[in-house]
Amino acid sequence: MNNNQSSQEPVTTSQETKSPTQFSSECWFDDACILDMDYFVKTLSGIKEKGVRADLIGSIITYYASKWLPDLSAGDISQKGINQFQESSPESVTLSWMKKRFFVETLVGVLPPDKDSIPCNFLLRLLRTANMVGVEANYRTELEKRISWQLDQASLEELMIPSFSHTCGTLLDIDLVNRLVKRFVSLDHEGAKSGAALVKVAKLVDCYLAEAAVDANLRLSEFVALAGALPSHARAIDDGLYIAVDTYLKAHPCVSKQERKGLCRLIDSRKLTPEASLHAAQNERLPVRAVIQVLFSEQTKINHNLDWRSSFNGSTFDPPTRCLSKREMNVQQMEIRKLKEDVYRLQSQCNAMQVQMEKMMVERKKGFFKWKKFGFSKGVEAVEKIEDEEFGRQTPTDMSTSLVKGRIPHKWRNSMS
């Protein structure tokens, strides 16, 4: 009896150490189940009837899908399921795609109604496969709705879905991401999402724009539409958007001056950090007006900080109970000195830019007065000759004297009345 008990103890302990997710995902499936879709759907419906939590059902679907289609797995999962099936029985590409399409449509149909039961990155991989094999539009719309609800949980790598349309010239599906962002913004307007989630989506969109801007076929209208899909309060800092705009200008050097101005209007210069402002002030790809606006915003920030410090130092509040140490006073003085140096540096840059603009205006004016070189010298000499004959190169005093001498007095002035 003791030997039997000792032999049964390891079995019970090994079952108890398994987590619920591992138990739910591993105990229901084997190779036969993976290759039989109908059996999987029946088994999953029986699990739902028993009242299993939605997140466990989602883990079951994720595990099953990663076994059937390794493209839907996040990590390095052993090549099983459909790959081994294709190697053992070669078939046409069309038949393989039809099986994948049926598989994706079946998966979308059995997804639990709870919106957070399936990870967002898995849904993005499922949507990529759905677009690749040409799944029906209603299934793709359902996936897009679910992804929009969890867009703040998405990663940049999974969001970069390639474009499988022959009519689209870009490598990435920009229109798809634009639809996802607009749906998420509509949820934010309804109050279904928090402000922190909106900030995460804004950072994600800025990183996506920086990656997509490298594509030479990306149109300016598509870039502006995606960048403007988010409200102004979504971005606490515009550094990511500035990097995306700068990347687009670098990859598209043929953008006109007006288009550059339109791109720079997307950036709020007041939301740039000092590092981004310094880079923008030295960026030759930006229009002059945008650079001046960045310098003005940075100088306004510094002046505001100086005014705040001076008002705080000269306020009538009660003196603090603890006197500042010498080290703290030195730190404050160093900060004030740095702020003054930044102000002087910005002022010198503004003065240099003003001098440069004045030189450009003078050169433009000189260009208007060089018309003698284009064959109009004879006409100019004729006009000057006529003016010499009429006015005789007289000074203003001579002209006034001659006018007075040549004036005929009126008769009534000679009368005695």
Side-chain angles (χ1 to χ4, degrees), residues 37-38 40-41 44-45 48 54 57-58 61-62 64-66 68-73 82 92-190 192-193 201 204-205 208 212 215 217-219 221-223 225-226 228-230:
M37 177 66 72
D38 295 334
F40 169 75
V41 174
L44 194 64
S45 60
K48 290 181 180 179
I57 296 176
I61 294 174
T62 304
Y64 177 76
S66 63
W68 180 266
L69 284 179
D71 295 337
L72 299 178
S73 60
I82 194 170
S92 63
V93 178
T94 305
L95 183 60
S96 174
W97 278 45
M98 290 177 63
K99 287 185 177 181
K100 290 182 180 180
R101 184 187 305 172
F102 173 74
F103 174 77
V104 173
E105 291 177 354
T106 305
L107 277 185
V108 176
V110 298
L111 291 178
D114 301 76
K115 296 179 179 178
D116 295 328
S117 57
I118 304 292
C120 183
N121 290 331
F122 174 79
L123 292 175
L124 285 169
R125 292 191 293 269
L126 191 61
L127 181 60
R128 177 186 300 182
T129 307
N131 291 339
M132 181 179 64
V133 298
V135 173
E136 295 294 333
N138 56 341
Y139 294 102
R140 294 199 301 267
T141 303
E142 178 64 23
L143 286 175
E144 290 180 8
K145 288 181 179 179
R146 287 177 172 268
I147 293 170
S148 299
W149 179 265
Q150 310 176 49
L151 191 59
D152 57 314
Q153 304 173 12
S155 63
L156 177 61
E157 182 181 1
E158 302 298 344
L159 190 63
M160 296 177 64
I161 299 176
S163 176
F164 297 100
S165 176
H166 298 287
T167 59
C168 184
T170 56
L171 297 176
L172 298 177
D173 199 343
I174 307 293
D175 296 334
L176 170 63
V177 179
N178 195 5
R179 291 195 301 270
L180 296 176
V181 173
K182 286 184 177 179
R183 283 198 179 113
F184 183 86
V185 172
S186 64
L187 293 174
D188 179 71
H189 292 331
E190 296 173 0
K193 288 295 178 180
V201 173
L204 181 64
V205 170
Y208 181 86
D215 191 355
N217 295 325
L218 179 62
R219 295 193 299 269
S221 59
E222 295 175 342
F223 185 92
L226 182 55
L230 291 166

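The first residue in the sequence is number 1, and the count goes up from there.
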Looking only at heavy atoms, what is the nearest atom pair of [X] and [Y], with distance?
{"X": "L159", "Y": "V177", "answer": "O-CG2, 4.1 Å"}
{"X": "R101", "Y": "G134", "answer": "NE-O, 3.5 Å"}
{"X": "V185", "Y": "A229", "answer": "CG2-O, 3.7 Å"}
{"X": "W97", "Y": "V133", "answer": "CE3-CA, 3.6 Å"}
{"X": "L218", "Y": "A212", "answer": "CD2-O, 3.4 Å"}

Is a donor on one side and an acceptor on the other found under 3.5 Å between the side chain of [X] and the backbone of [Y]?
{"X": "N121", "Y": "S155", "result": "yes"}
{"X": "D215", "Y": "L171", "result": "yes"}
{"X": "S117", "Y": "P113", "result": "no"}

Nearest-0.5 Å distance that lies between atom [atom1] in [X] and atom [atom2] in [Y]:
{"X": "I61", "Y": "S66", "atom1": "CD1", "atom2": "OG", "result": "12.0 Å"}
{"X": "Y139", "Y": "L107", "atom1": "OH", "atom2": "CG", "result": "11.5 Å"}
{"X": "R140", "Y": "E105", "atom1": "CZ", "atom2": "CD", "result": "10.0 Å"}
{"X": "I174", "Y": "F223", "atom1": "CD1", "atom2": "CZ", "result": "9.5 Å"}
{"X": "T62", "Y": "I57", "atom1": "OG1", "atom2": "CD1", "result": "11.5 Å"}
{"X": "I161", "Y": "R125", "atom1": "CD1", "atom2": "CZ", "result": "11.0 Å"}

Where do L187 and L151 land on the side-chain contact (heavy atoms from CB on, under 4.5 Å) test, with the steps shown first? CA-CA 11 Å; L187 293 174; L151 191 59; over 6 Å; no
Determine the interplanar angle of the Y64 and F103 rings, folded into 0 to 90°, and report it as parallel if under 30°, tilted if 30 to 60°, perpendicular if over 60°.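 The arrangement is tilted - the two ring planes meet at 30° to 60°.
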Would you please test E158 and F122 for side-chain contact (heavy atoms from CB on, under 4.5 Å) and show each step? CA-CA 8 Å; E158 302 298 344; F122 174 79; over 6 Å; no
Checking salt bridge (Lys or Arg N to Asp or Glu O under 4.0 Å) for the pair R146/E142: CA distance, chi angles, key distance, verdict? CA-CA 6 Å; R146 287 177 172 268; E142 178 64 23; 3.4 Å; yes
So, applying side-chain contact (heavy atoms from CB on, under 4.5 Å) with L126, which one of V135, N131, I118, L143 is it? L143
